[in-house]
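We number each residue from 1, following the sequence as shown. Note that these values count all heavy atoms, side chains included, but never hydrogens, waters or copies made by symmetry.
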Amino acid sequence: RPPRGIHADRIQQSAARYVVAESSGKPVAFGVIHFEGDPMWQRPEQVPIVMDLYVAPNLRGKGIGSRVLRALESSARERGFSAGERLCLN
């Protein structure tokens with residue numbers, strides 16, 4: 001589990017969108033989509049990328065991650081993007 005606040009400094013960046021899912025007022029999932037590239041990424045500058053998607057282990061398989069991903073994709077469409085990329089690692 002990442003330390004509390006690890007993403008706090010990044011949330012205010014306009015170059016990314018964070019989505020947090022809550023259950024009973026507690027965070028149970030989150031996802032991040034990045035809209036600006038990094039020189040280390042080998043992808044076109046105009047394609048957003050989802051690099052983080054996490055769901056609490058006891059809540060996996062319930063569609064929470066899918067809803068977070070749809071919210072991230074919707075955010076990309078709102079910014080005018082028609083395509084995106086997902087980086088998946090286990």
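You'll find the side chain of Leu69 reaches within 4.5 Å of the side chain of Val50, heavy atoms only. Side-chain contact check for Asp52 versus Phe30: some heavy-atom pair is nearer than 4.5 Å.
Side-chain N or O atoms of Arg60 include one that pairs as donor or acceptor with a backbone N or O of Val55 at under 3.5 Å.
Closest of all the heavy-atom pairs between His34 and Ala16 is ND1-CB, 3.8 Å. Listed here is the closest heavy atom pair of Val68 and Ala29: CG2-CB, 4.3 Å.
The CD1 atom of Ile33 sits 7.5 Å away from the CD atom of Glu73 when rounded to the nearest 0.5 Å. In this structure, the separation between CG on Leu72 and CG on Leu53 is 7.0 Å, given to the nearest 0.5 Å.
Applying the side chain to side chain contact (heavy atoms under 4.5 Å, CB included) criterion to Ser74, with sequence neighbours excluded, gives Arg77, Glu78.
Arg79 forms a cation-pi arrangement with Phe35, by the criterion of a distance under 6.0 Å to the ring centre and an angle within 45° of the ring axis.
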